[in-house]
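Written below as C-alpha cells is the structure these notes are about.
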Protein chains: 2
Amino acid sequence: MNENACEMGNLRIDSPPTTLRAIALERMRRAIIAGVFKPGQRLVERTLCEQLGVSRSVIREVIRHLDAEGLVMTTGQGPVVAKLAWDDARQIYEIRAALESAAVEACARVADAGVKAELRAAVDEIERRAAERDWMAVLEATERFYDAIFTAGGHTVAGEIVRRLHGRVAQLRVLTLGSENRRVTGPRRIREICEAITANDPEAAGAACRTHIREACAIAERLLAK
Amino acid sequence: MNENACEMGNLRIDSPPTTLRAIALERMRRAIIAGVFKPGQRLVERTLCEQLGVSRSVIREVIRHLDAEGLVMTTGQGPVVAKLAWDDARQIYEIRAALESAAVEACARVADAGVKAELRAAVDEIERRAAERDWMAVLEATERFYDAIFTAGGHTVAGEIVRRLHGRVAQLRVLTLGSENRRVTGPRRIREICEAITANDPEAAGAACRTHIREACAIAERLLAK
DNA sequence: TACGGTCTTATGGTATACCATCATATAGCG
DNA sequence: CGCTATATGATGGTATACCATAAGACCGTA
C-alpha cells in the first residue's frame, strides 16, 4: 500500500533500521507456525544461533517474546515449542468466535467502499492461493483479511489478541487445511462473510463468522482425536 | 493454600530454582502496574540494572517479555512504559465484559461448595483490604477472585488473556479506586457476583459482572477525560 | 552573536565469556 | 559381570565487552 511516501512533504523516517532481533522473531514465529519446529520439540539455543546466524543474546530475547506470546513454553530444562491440548484449542475457538464475530458485525456496520474493496482483494488472494494449494499463503492471506476487518471495525485490541490466538492454533489450521472438506468450505465461508459485510448486513456477517469458526473447531476436534 | 506438600508421598519438586529473570519480571510488572514507572517513561536498561542489581541480559529479556505482554512499548530509541489511549481502554473494557461475563456464567453453572468457599474468601480479602485502603492489595485480591472464577469455569485461556488485559488497564484501575464512589460500588458488585455464583444463578452473575465492568469503564472515561 | 563543526556521552544492539547443573559415558573396583 | 564414581559434554543462566548511533555540549570562527 504505502511503500515509499516520498511524494509530498512527507520525508518522515518511520522505520528505524530493522534489528536482527526483529528479523529473527519473525522467522522463528513463522517457523513454528509452519510446523518446521514441531510441538513439544526442544529449542536448543546454540543450535538456533547457528541456524539463524545470530548470537545467543538475540535468540534468547526472541524466545522470551515467543514465550510471552504462548508459542513457546519454558520448562525447567529450557524452551520447548508449545503443544496445544484439545481443551485449550476448544477454548481458543470459543474466544475467537466471540471476538471475531463482534468485530465482523462492527465492520459490517461501518464498512465503506474502500474497506469493501480491500476485503474483496483479500478474499481473491485467499481463493487464488487455495487453488495453488499453497496453504501457508492461504493462512497469511486469511490473516490479512481479518486484520482488515478488525481495523475497519475499530477493534484493534481484539485484533491483536486474535492474531495471538491464530498463532497458537496455526498448527491445527495447517492440519485442518489438509482436510479436503475444509479446503472448500473455508474459502466459501470467508466469501460469505465478505459479501455480508459488502451488503452492510451485520447479523448475516456475524452468523457466517460463527458458523465458519464452529466448522473449523469441529474439524480440529476430529483431527486431534486420532 | 498449598505451601509445602511434604505430607503423603508427594515429594515432588515443582519449582526448579527460581531464576533472577523470573524475579525481575515479577518486580518490573508490579512496578509498572503500581505506577512506580509512569506511562511514557523511558526504561533505561543500565539504570534498571543498578536498581534491580542484575545484568543487562536479564533486564533485556524481561523487557522483551513485558513488550510482548503490552506493558512496555519498544520505540525506535528504546523501551518505554506503554501508555493507554482512551480508545484502547474502551476496547479492553468491552473485551473484558465479554470474556469475564462468559466465565462468570460458566462458573455459576458448575460451582461446588469448594469453589464457593474460595470465592467468598477472596471477597472477604477484598473488603478487608479496601477497609485498610491498601489499593494495590485490593487489586491483587481481585485478581485472585477472577482467577478462581476462570479456573472453576474451565476458561483458563480466557483467564490468561484477561490477566494480561488487567495489567494494561491497571494504571486506570488504581485511578478509579481513587474515586470515592468506586471504593464502595466496586466491592459491592464483586459481592453481587459472588452471591449469584453461590446461588448457581448464571444470568444474575453475568449481569452483575457486566454492570461492574460498565461502571468501571464509565469512571475510567471520566478520569481519562480530564 | 550566530552558525557550524567536532568531541563526548548516553544508550541500545550484538557478541562473547564464564559458570552451574544435569545427563551420559567411561573407567575402576568389587 | 555389575555397580558406582568420576570425567566429560551439553545446555541454560548470568555477566561483561564492544560497537554504532544519536543527542547534547563545547568551541571556534565569521
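Keep in mind that the numbers below use all heavy atoms, side chains included, and drop hydrogens, waters and symmetry copies. A, B, ... follow the sequence lines: proteins, then strands. Residue 1 opens every chain. This one's a predicted model, so the numbers in the text were calculated from it and none came from an experiment.
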- Task: Rounded to the nearest angstrom, tell me the gap between atom CG in L52(B) and atom P in dG13(D).
- Result: 18 Å

- Task: Could you check whether L48(A) gets within reach of a base, just the sugar-phosphate, or nothing at all, counting any heavy atom under 4.0 Å?
- Result: nothing

- Using a heavy-atom cut-off of under 4.0 Å over every strand shown, decide if I59(A) touches base, sugar-phosphate, or nothing. nothing

- Can you tell me if the side-chain N/O atoms of R21(A) get under 4.0 Å from OP1 or OP2 in dG13(C)? yes

- Along DNA chain D (nearest heavy atom to each residue), the more 5'-positioned of S57(A) and G76(A): G76(A)

- Is the shortest side-chain N to carboxylate O distance from R163(A) to E143(A) below 4.0 Å? no

- Query: Taking atom P of dA10(C) as reference, at what distance in whole Å does atom CG of L43(B) sit?
  - Reply: 19 Å

- Note on the structure: Between CZ of R56(A) and P of dA17(D) the distance, given in whole Å, is 18 Å

- Query: Got a salt bridge between R129(A) and E132(A), using NZ or NE/NH1/NH2 to carboxylate O under 4.0 Å?
  - Reply: yes

- Do the charged groups of R128(A) and E125(A) touch, with an N to O distance under 4.0 Å? yes

- Query: When the distance from CD1 of I63(A) to P of dT11(D) is rounded to whole Å, what number comes out?
  - Reply: 13 Å

- Message: Can you see if the side chain of R60(B) gets near the phosphate of dT11(C) - specifically, an N or O under 4.0 Å from OP1 or OP2?
- Response: no

- Message: Between S55(B) and dA15(D), is there a contact of a side-chain N or O with OP1 or OP2 at under 4.0 Å?
- Response: yes

- Rounded off to whole Å, could you give me the CD-to-P distance for the Q77(B) and dT9(C) pair? 22 Å

- Item | R42(A) side-chain N/O to dG12(D) phosphate OP1/OP2 under 4.0 Å | yes

- Looking only at non-hydrogen atoms, find the nearest pair between T156(A) and Q91(B) and report the distance. N-OE1, 2.9 Å

- Toward the 5' end of DNA chain C, by each residue's nearest nucleotide, T47(B) or R46(A): T47(B)

- Message: Judged by each residue's nearest nucleotide on DNA chain C, which is more toward the 5′ side, G78(B) or V54(A)?
- Response: G78(B)

- What nucleic acid atoms does T19(A) come within less than 4.0 Å of, heavy atoms only: base, sugar-phosphate, or nothing? sugar-phosphate

- Query: How long is the line joining CD1 of I23(B) and P of dG13(D), in whole Å?
  - Reply: 13 Å

- In whole Å, what is the span from the CG atom of D67(A) to the P atom of dG13(D)? 11 Å

- Query: Do side-chain atoms of E69(B) reach the backbone of G167(B) as a donor and acceptor pair under 3.5 angstrom?
  - Reply: no

- Separation of atom CG in L20(A) from atom P in dT16(C), rounded to whole Å: 12 Å

